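Report on one structure; see the data block that follows.
Sequence lines set the chain letters: A, B, ... in the order given, protein chains first and strands last, and positions in each chain run from 1. What you see is a predicted model; the values in this text were computed from it and never measured.
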Amino acid sequence: MARISLKDVRKSYGATEVIHGVSIDVDDGEFVVIVGPSGCGKSTLLRMVAGLEVITKGTISIDGRVVNDLEPRARDIAMVFQNYALYPHMSVRENMAYGLKISGMAKPEIAARVARAAKMLELAPYLDRKPRALSGGQRQRVAMGRALVRDPAAFLLDEPLSNLDAKLRVQMRLQIKQLQRSVGTTSLYVTHDQVEAMTLADRLIVMNAGRAEQIDTPMAIYERPASTFVAGFIGSPAMNLVPVTVAEGGVVLPGGTVLALPGLALPAVGSALRFGVRPEHLQAQSPDSGAPEAQASESGMPEAPALTLEVFAVETLGADAYAHCLFPGGSDHPDEGFVVRLPGNTAARQGDRIRVSLDLSALHLFDDTSGRRIGEAV
Amino acid sequence: MNRATFPHKYLPWLLIAPQLAISLVFFYWPALQALRQSLLREDAFGLKTQFVGLTNFARVLSDPAYVNSIKVTTLFSALTAGLSMGIALLLAVQAEKLVRGKGLYRVLMIWPYAVAPAIAGMLWLFMFNPSFGTLALPLRWMGVQWDPLLKGNQAMALVVAAASWKQISYNFLFFVAGLQAIPRSLIEAAAIDGAGPARRFWTIVFPLLAPTTFFLLVVNTVYALFDTFGIIHAVTGGGPGKSTETLVYKVYNDGFVNLILGDSAAQSVVLMVIVIALTAVQFRYVERRVHYG
């Protein structure tokens with residue numbers, strides 16, 4: 001078990017820099033997930049920690065020891081590959097024992113460790129099979145077992161579940177989490193799947209185009225995304241992010257309606273913003289309520305701001321339905337699409353107008369050019 | 001089962017006819033001729049032909065020169081196949097490590113394959129000619145009494161070197177392809193598991209190359225048995241004192257030089273049986289140890 005620490009790590013291929021300085025400290029026993037779209041550099045980063053890629057600049061240290069120039073075998077790490085990388089000519093037992101045998105461990109100790117890992121992963125009946133005689137899920141478990149028996153300082157997992165079918169993936173996700181908790185080994189896990197990232201991580205690194213956009217706990221990232229990229233990437237369905245301009249006491253929505261946002265510190269009138277709200281944080285009012293927008297109620301308390309939307313498609317998922325809407329009078333540009341979560345039995349149909357109210361605490365504002373979050377108070 | 005069916009009855013036959021014709025004319029017909037000839041006795045002028053049963057076989061197999069030829073062939077084939085495969089594998093592994101100039105290196109490696117056997121033989125003969133050979137001189141400096149024209153072992157070394165050199169290119173190509181088919185992640189996994197380069201090679205790469213190695217073993221054995229005739233003919237002519245007379249060379253020598261057609265035919269039939277048996281053994285016993293992905 002160990003801490004992994006990255007300090008301003010950079011990677012270039014020739015003149016092209018693909019990782020632009022990532023720094024992070026992974027605590028002892030922590031499960032950190034690196035998530036991002038394909039090509040964002042997350043696998044490269046992991047491979048640099050493993051010693052499979054040269055570090056162009058910066059330092060990586062494991063357990064306080066700088067490992068930049070160490071061979072993979074000297075780093076005391078174990079890795080699970082996306083394609084599992086099981087040795088096809090060896091049985092499950094030999095696959096798991098390979099690393100131990102090389103380290104010169106005594107045979108009885110190897111046998112005991114393999115047996116223990118096989119029991120933990122329910123692989124005992126398959127120990128003498130070759131990998132090709134195993135199913136995808138079993139192969140995945142062998143790959144896990146091979147990492148587990150080594151009892152390394154850290155686990156590195158490179159999209160270990162992406163070759164499994166959806167049902168198995170959920171099952172293995174739970175198993176990996178439990179396993180990591182029970183052995184308590186520091187783990188670095190790479191995935192492009194935001195659900196996997198949210199469910200597994202103690203801490204999440206959201207990467208985009210070679211940069212760590214945000215590093216925080218999954219809930220903190222969900223609640224306070226640092227940029228439009230993170231806001232759109234984490235959460236399903238994605239956060240609505242529509243372009244607006246600041247007006248006096250509110251913002252101008254697509255289509256020209258002004259949405260009053262009382263009590264919010266807004267930038268100068270006329271600045272361009274992205275207005276973000278998650279589909280699940282919108283409250284549909286009854287379709288017949290023809291109340292004027294953002295009106296103060298009779299009690300004098302500010303009523304929650306509300307907007308009128310035009311439905312152009314409804315996707316029913318069972319428990320929920322997602323209404324894909326546009327702003328009346330706005331364009332049908334994809335940026336202006338607005339998704340609202342409704343109950344599964346909603347009566348809303350294409351062409352209907354619905355009114356939704358939103359909670360100010362669930363509102364996110366981003367600078368339109370930089371994409372960075374605005375306002376600490378929101 | 002899903003089978004494609006064609007409306008034409010004769011078209012399929014027409015399409016395989018060229019291949020069939022080639023096999024019949026160049027393989028089955030000569031083989032049958034050899035079989036027939038091995039049972040006959042013919043005088044040197046081709047005037048009289050007499051059926052003699054298995055007499056030719058009996059004489060050939062009890063001939064000490066034939067037994068010697070079997071020994072020579074075994075040694076020559078084992079050395080040639082072993083050497084050419086070993087060196088080719090070494091070169092292929094080194095080529096894999098190259099970052100720049102990989103393509104050029106491969107092209108250069110393949111060139112010797114384009115050299116005809118007799119030319120290759122002549123090249124080596126000149127290079128190692130005891131009186132004017134460019135490479136014979138350094139050998140002499142090193143204190144080697146170099147004279148392949150008189151010393152059987154040196155003659156053998158020379159033909160083995162020439163025959164291996166020519167085959168290295170071919171083996172190299174297949175080993176390169178075989179190495180490329182091994183997923184990089186396996187090597188990386190082994191590196192993380194703590195295996196150094198040599199260990200990775202022997203425990204991961206070499207076992208996974210087994211299908212390629214096995215294929216090349218069969219091909220190289222057949223090559224050493226048959227296709228090296230040109231080299232031996234050009235370099236030593238089977239000498240000195242039959243020390244490089246392989247089975248194929250003896251077939252040629254007895255049949256076409258000494259015109260003992262019956263003996264020569266009997267030898268080719270024996271050779272045919274040996275090759276079929278050898279290949280069968282390779283498939284039966286060696287292939288068992290081969291792991292196909």
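At a heavy-atom separation below 4.5 angstrom, chain A is approached by B:S185, B:L186, B:E188, B:A189, B:A190, B:A191, B:I192, B:D193, B:G194, B:A195, B:G196, B:P197 within residues 184-197 of chain B.
The local environment of CG in B:N153 is sparse, with at most 12 non-hydrogen atoms from other residues, nucleotides or ligands closer than 6.0 Å. Annotation: B:F226, atom CZ; neighbour count of heavy atoms from other residues, nucleotides and ligands within 6.0 Å is above 12. Counted within 6.0 Å of OH on B:Y28, heavy atoms from surrounding residues, nucleotides or ligands total 12 or fewer; the atom is thus considered open.
No part of A:R75 comes within reach of chain B, as not one of its non-hydrogen atoms sits under 4.5 angstrom from that chain. In this structure, no portion of A:L100 lies under 4.5 Å from any heavy atom of chain B. Only the side chain of A:F81 comes within contact range of chain B, with heavy atoms under 4.5 Å apart. Within the 4.5 angstrom heavy-atom criterion, atoms from both the backbone and the side chain of A:I102 approach chain B.
For the atom pair B:R199 CZ and A:R73 CZ, the distance stands at 10.0 Å (nearest 0.5 Å).
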Side-chain donor-acceptor distances from residues 99-106 of chain B under 3.5 Å, at least two apart:
none

A:Y98 and B:T203: side-chain hydrogen bond (donor to acceptor under 3.5 Å, both in side chains), yes or no, with the steps? CA-CA 9 Å; A:Y98 183 77; B:T203 56; 2.6 Å; yes

